[in-house]
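What follows is a set of notes on a single structure, which appears directly below.
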Amino acid sequence: MSVMTMVKAINNALDIKLEEDKDIVVYGEDVGVEGGVFRVTEGLQQKYGVERVFDSPLAESGIVGTALGMAVSGLRPIVELQFEGFTFPAFNQILSNVSRMQNRSRKKYGVPMVIRFPYGGGVNALEHHSDSPEALFAHIPGLKVVIPSTPHDAKGLMISAIESNDPIIFMEPKRIYRAIKQEVSEEKFTLPLGKARVVQEGTDITIVAFGAMIRECQRAIAMAQETGISVELIDLRSIYPIDRETVGNSVRKTGRMLIVAEAHQSFSVGSELIAIANEEAFLYLEAPPRRVAGFDTIVPLAQGEKYYIISPERIFYEIEKSIKF
Amino acid sequence: MSVMTMVKAINNALDIKLEEDKDIVVYGEDVGVEGGVFRVTEGLQQKYGVERVFDSPLAESGIVGTALGMAVSGLRPIVELQFEGFTFPAFNQILSNVSRMQNRSRKKYGVPMVIRFPYGGGVNALEHHSDSPEALFAHIPGLKVVIPSTPHDAKGLMISAIESNDPIIFMEPKRIYRAIKQEVSEEKFTLPLGKARVVQEGTDITIVAFGAMIRECQRAIAMAQETGISVELIDLRSIYPIDRETVGNSVRKTGRMLIVAEAHQSFSVGSELIAIANEEAFLYLEAPPRRVAGFDTIVPLAQGEKYYIISPERIFYEIEKSIKF
Amino acid sequence: MIQNDLPAIFRDFDPIEDKMLQVIDNEGNVVNEPLMPALEDEIIIDAYKQMLYERLADEMAVSYQRQGRMYTYTPNMGQEAIHIAAGMNIRKEDWVVPAFREMGTLLAKGVTMKEMFLFYLGNEQGGSFKDAYHVLPIAISIGTQFHHATGIGYSVKYRKKDEAVYTFIGDGGTSEGDFSEGLNFAGVWQVPVVFTIQNNQYAISVPVKSQTNSINLAVKSVAFGIPGIKVDGNDFLAMYLVYKTASEYVRSGKGPVLIEAVTYRRGAHTTSDDPSKYRCKDEETLWGLTDPLIRLKRFMQNKGIWQIDEEKLIEEYRLEIDAQFVDAENNKSYPWEEVFENMYTDMPDELERQKMEYAQFLSWKEKRR
Amino acid sequence: MIQNDLPAIFRDFDPIEDKMLQVIDNEGNVVNEPLMPALEDEIIIDAYKQMLYERLADEMAVSYQRQGRMYTYTPNMGQEAIHIAAGMNIRKEDWVVPAFREMGTLLAKGVTMKEMFLFYLGNEQGGSFKDAYHVLPIAISIGTQFHHATGIGYSVKYRKKDEAVYTFIGDGGTSEGDFSEGLNFAGVWQVPVVFTIQNNQYAISVPVKSQTNSINLAVKSVAFGIPGIKVDGNDFLAMYLVYKTASEYVRSGKGPVLIEAVTYRRGAHTTSDDPSKYRCKDEETLWGLTDPLIRLKRFMQNKGIWQIDEEKLIEEYRLEIDAQFVDAENNKSYPWEEVFENMYTDMPDELERQKMEYAQFLSWKEKRR
Ligand SMILES: Cc1ncc(C[n+]2csc(CCOP(=O)(O)OP(=O)(O)O)c2C)c(N)n1
Ligand SMILES: Cc1ncc(C[n+]2csc(CCOP(=O)(O)OP(=O)(O)O)c2C)c(N)n1
Ligand SMILES: [Mg+2]
Ligand SMILES: [Mg+2]
């Protein structure tokens with residue numbers, strides 16, 4: 001075991017897999033010498049050489065499109081897109097080819113590839129550097145979408161993602177890249193894709209969240225506890241497939257649900273979870289499941305971001321409202 | 001009044017606005033001499049000249065990106081993307097610039113533009129020609145997303161879209177481009193953006209749908225009527241903003257809701273509508289609101305599409321299930 | 001930077017000077033003797049047969065579609081010299097990353113007409129080209145295939161395999177961002193990819209002069225530091241020479257090349273298209289004179305190696321093609337489960353659930369009958 | 001097809017031959033007398049002052065950031081000759097479509113340092129460049145701005161206005177699909193746009209040789225049938241000449257041009273970047289010798305027109321810039337309603353609802369205190 005940040009944990013996962021499997025290559029903008037703008041790939045080029053860890057030209061469609069070519073021809077590429085806001089030049093390759101190649105080729109070609117990028121707000125960034133586009137990827141059939149909330153999970157999920165034969169969108173909550181430190185095993189381990197984790201059990205209300213919001217939820221839960229409210233917290237870990245079973249079980253138990261997610265409220269993961277709660281636990285619902293979400297606005301720059309970003313206080317406010325319903 | 005197909009109605013709307021406003025230009029792949037692959041722009045180049053109605057190079061990002069340049073500098077471009085499946089090369093321009101320019105420039109620059117394209121299944125098409133990506137656009141703040149279900153609506157909504165100072169995604173259900181004929185006024189008229197239409201009143205269950213699904217719902221409703229079920233049918237007309245009031249009122253009245261939409265079920269417009277039903281009518285719900293939706297799969301080619309596509313029978317099946325709940 | 005060890009034809013036909021490589025003219029006369037590829041008569045005869053086969057298969061596909069027996073189809077007529085010349089230079093181990101208008105090349109790689117028909121009959125089994133080695137399915141989203149080819153090129157180079165990659169695009173496709181990005185990556189990575197632009201003069205209704213202001217399409221290679229060459233795409237011998245040279249070049253590890261093959265889409269864009277809306281008969285007639293089959297036939301006649309009983313061959317091919325069509329047409333098997341089963345290697349629970357719900361609906365429907 | 005009536009410099013410095021236009025060398029000596037632009041001394045002095053102002057503003061921005069008084073900032077140091085030469089040739093009615101590293105040009109168009117600071121202090125009001133006529137906000141998604149410029153060019157041409165459009169991109173940006181698409185549209189539409197590549201040798205850590213295999217970046221113009229020219233971007237006089245020529249060319253309706261300005265990003269990519277990870281001191285020192293301010297100063301000294309009391313000027317500028325920074329820093333007004341109010345002209349009910357819900361939360365929060 002050693003204390004790792006999420007950056008370190010992902011770096012460690014990449015390191016373990018690069019060591020183990022010569023078919024793995026890692027590339028993207030500035031991932032080589034620089035080790036990535038967040039240093040997630042630090043030291044890997046030195047260790048594995050420029051043929052396996054390298055800088056690409058500045059073109060996201062090219063990064064993803066070439067990775068698909070590599071994946072169908074026997075490599076297992078892991079590509080970095082520099083920020084969530086710069087995944088969109090690659091959106092066509094992702095939606096029109098990456099997600100479809102297995103189906104289109106009737107599985108003649110596998111697509112073992114990971115597209116990873118930092119996402120989310122709370123870091124006082126410029127435009128396009130604070131967004132949470134998970135719902136856009138989750139609506140595309142043929143992809144799996146993974147989001148870790150701790151260094152441990154980041155490592156285990158990343159190794160599973162790399163070993164998966166399906167294409168994976170791996171979104172890294174940049175706000176907690178270095179903010180959370182945790183003991184993580186140095187050994188190789190995996191975590192199942194598509195399974196949520198019950199972070200904490202409770203009886204009065206279920207909160208479903210993921211990524212950087214888990215920490216904010218825990219803070220809100222501490223506030224709720226003071227008022228005697230018992231909260232069950234679920235970390236989705238996987239946005240698609242979404243773990244309907246874990247969510248359903250919990251809501252059937254508590255009768256109440258909040259979804260806490262940074263993205264714009266409309267057509268979000270929260271919307272899907274409310275649909276699921278209705279499908280799985282309709283007769284158990286004691287209050288309307290609700291979304292604590294970002295607004296349907298562009299995420300403001302640093303000075304205005306405090307309004308957009310979800311505070312523990314706002315979560316607590318919604319917990320109370322739900323309980324009092 | 002004259003009998004129009006949806007193709008003709010949209011053509012007529014473009015014609016009226018081109019006539020009226022010299023700042024309007026219309027372009028895209030094959031929209032000039034050819035009049036568009038579906039003939040929506042037929043005759044317009046002849047009438048208004050190649051400077052106002054013209055073919056662009058084959059590049060969707062360019063079509064949308066240049067339109068944004070035109071829009072901020074005083075023109076009102078209407079661009080055609082050839083099929084919904086080819087909107088994605090333009091996705092970055094739409095998400096990163098078109099939807100953001102007003103906010104980014106603090107309204108120094110307006111973005112009066114319409115991006116129109118055919119979408120949806122049921123026409124025995126090749127891959128990328130049968131999709132329904134409305135949820136992807138609806139989740140992007142700064143856009144409005146409009147879908148007509150009749151020739152009359154198509155004309156009125158298109159004129160409103162062109163006159164709007166906000167950027168509009170105008171999705172045209174290709175399956176009913178020519179399948180529905182209707183008396184439509186030759187005069188100019190508009191329909192409010194963001195308002196749903198109650199197609200038919202009913203008391204037992206609310207169905208919310210849009211585009212080509214309205215017709216399928218009407219067929220299912222006829223089946224339901226035979227078994228004595230009274231259905232209220234709402235045509236959304238606008239996906240974003242979504243008409244929460246009309247939906248809420250209806251569900252409070254009927255206590256039951258189905259959403260019928262061709263897109264992949266997960267993270268769809270249906271998910272959002274279930275969230276809205278919970279927020280607006282929780283205490284009135286007598287059965288879990290449900291989605292009749294496409295699967296989370298690629299829309300199959302012609303031979304397999306019958307499984308994917310939503311039949312009146314499948315809608316009726318879900319109506320019955322909900323009523324019997 | 002482009003190497004100095006470029007094959008002579010790339011230097012002699014520099015696209016910057018807008019030169020076009022040609023070996024025979026419309027009458028089948030050799031106009032550039034030194035470039036005449038050293039081909040045995042047998043090979044030329046075989047090439048002609050392959051072109052004829054593609055031509056017939058294409059004609060028949062159009063007519064099946066007209067008869068309402070098949071969905072929208074994308075004709076290949078007039079572009080056979082490119083497809084067959086490519087096919088003859090592509091080895092078993094080489095990769096083909098198609099656009100959507102290179103049927104002859106696919107056939108050469110082992111795709112069957114039955115599969116092609118099945119695809120246009122709306123069945124993904126056909127489009128998967130299951131048994132054709134190292135052939136990707138058709139990439140409809142134009143331009144995207146350039147990246148796939150470059151990525152495969154990287155694999156091949158990384159694993160030090162003796163494999164080359166061949167990909168195609170239309171003249172219209174050169175406007176897409178991915179066209180440029182793909183060539184740029186290929187230039188930087190120096191991958192063994194032969195990129196072909198089939199310049200058939202139109203993108204649906206849009207003529208090539210509305211696509212770009214560049215003097216030709218081959219010259220776009222300059223922007224990416226790749227050798228480029230413009231060649232008469234209706235001249236089989238010229239295409240053969242260029243593919244042979246390009247193949248040797250990329251296989252020797254010198255990096256990618258870009259070929260502009262100048263041709264003409266003699267048919268409609270698809271069977272739903274009506275070219276008379278946007279081009280005139282005169283133009284079609286003029287280009288008709290450059291037809292690759294006629295030219296190669298004349299060349300063979302001039303050379304005295306035309307010993308083909310064409311009518312008999314046509315008869316024979318027609319029967320064979322029709323048999324394949326009927327085979328495809330009779331393949332009505334599309335179990336509904338197939339919709340779900342190819343999406344993932346590891347199928348998500350959510351999809352299992354949707355599948356189950358659908359099965360429930362189907363059994364309700366069954367009972368209701 | 002490129003017109004024959006190309007200005008001489010575009011013919012004399014054909015990027016295909018990898019020539020680079022230069023007027024003065026590092027010592028400020030004139031190396032190409034015939035190209036010396038006919039500029040009054042006053043103008044040159046003014047240019048130097050503007051470059052100095054940009055340099056100082058940039059230095060100070062970096063230091064405010066270091067002091068923790070500002071968020072991540074994108075330095076401009078070393079690229080001032082391009083920005084000021086462009087700015088001096090851009091008229092009030094002309095359009096500027098910026099990338100994100102042309103501060104001097106923005107200042108010339110009427111953007112204030114206060115606004116720039118406000119932007120980097122995390123306030124959209126700064127980034128909107130509200131009072132600068134015909135200036136678009138910064139487009140962070142690299143490459144996309146080329147299309148906006150081309151679209152504006154179409155407007156201008158359509159409405160027969162005497163307006164030119166200027167847009168910028170980095171060397172890294174030339175790899176994006178939109179770079180190529182944008183130039184291609186501009187070539188086909190023949191719009192009055194001056195496209196500038198600021199080749200500062202790096203895209204963050206990635207050197208230009210890893211971006212492309214082309215012999216230079218100006219040569220990419222060939223792919224789109226646009227005149228291109230490579231110029232020493234650290235030579236103010238060369239840049240001035242090129243912008244003057246290019247401006248006249250595009251304004252006369254002859255279509256777009258592409259300029260590659262060869263320069264060096266002397267600073268870090270952003271204040272969060274550490275260039276020592278990917279480039280060596282020697283390289284930085286060598287490029288330092290080409291610094292545009294030093295060169296122009298030497299030229300003026302050589303010519304005997306250096307009568308600037310630089311120290312005094314620096315003092316003066318610093319005070320002024322600091323005043324603007326303090327002004328921006330003190331602007332703490334960001335009403336929460338602003339988050340909602342700029343999204344649409346016609347605000348959707350849904351957004352009104354979200355706004356109202358947020359107001360309720362705020363009042364709950366207020367009461368709770
Ligand atoms: C990204 C994308 N946009 C639009 C289309 C629709 N489309 C299909 S074929 C075609 C024209 C292609 O022209 P060209 O590249 O010259 O190839 P050709 O059809 O002539 O072989 C278009 C616009 C598409 N398939 N992909
Ligand atoms: C589409 C996109 N991808 C990635 C980024 C992140 N990014 C910001 S600046 C930069 C490097 C740009 O290099 P260059 O174009 O040479 O401009 P320079 O920074 O040198 O001025 C990158 C990769 C971005 N802003 N947009
Ligand atoms: Mg073509
Ligand atoms: Mg740079």
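Please read all numbers here as calculations on a predicted model, not as lab measurements. The analysis underlying the following values was restricted to heavy atoms, covering all of them including side chains, and did not include hydrogens, waters or symmetry mates. A, B, ... follow the sequence lines: proteins, then strands. Residue 1 opens every chain.
Scanning residues 84-96 of chain A against chain D with a 4.5 Å heavy-atom cutoff picks out A/Phe86, A/Pro89, ordered by number. Using a 4.5 Å heavy-atom cut-off against chain D, the contacting residues of residues 315-325 of chain A are A/Phe316, A/Tyr317, A/Glu320.
Within the 4.5 angstrom heavy-atom criterion, no atom of A/Glu305 approaches chain D. Neither the backbone nor the side chain of D/Phe179 comes within less than 4.5 Å of any heavy atom in chain A. Residue A/Ser61 does not touch chain D at all, counting heavy-atom pairs closer than 4.5 Å. Only the side chain of D/Trp364 comes within less than 4.5 Å of a heavy atom of chain A; its backbone N, CA, C and O stay farther away.
Atom CD of A/Gln46 sits in a sparse spot, with 12 or fewer heavy atoms from other residues, nucleotides or ligands closer than 6.0 Å.
In the model, A/Gln82 has a side-chain atom that pairs as donor or acceptor with a side-chain atom of A/Asp30 under 3.5 Å. A donor-acceptor pair shorter than 3.5 Å can be found between the side chains of D/Gln125 and D/Glu338. A side-chain donor from one of D/Gln354 and A/Asp296 sits under 3.5 Å from a side-chain acceptor of the other. Using modelled atom types, one finds a donor on one side chain and an acceptor on the other under 3.5 Å when comparing A/Tyr308 with A/His264. When only modelled atom types and interatomic distance are considered, D/Asn200 and D/Gln79 share a side-chain donor-acceptor pair under 3.5 Å.
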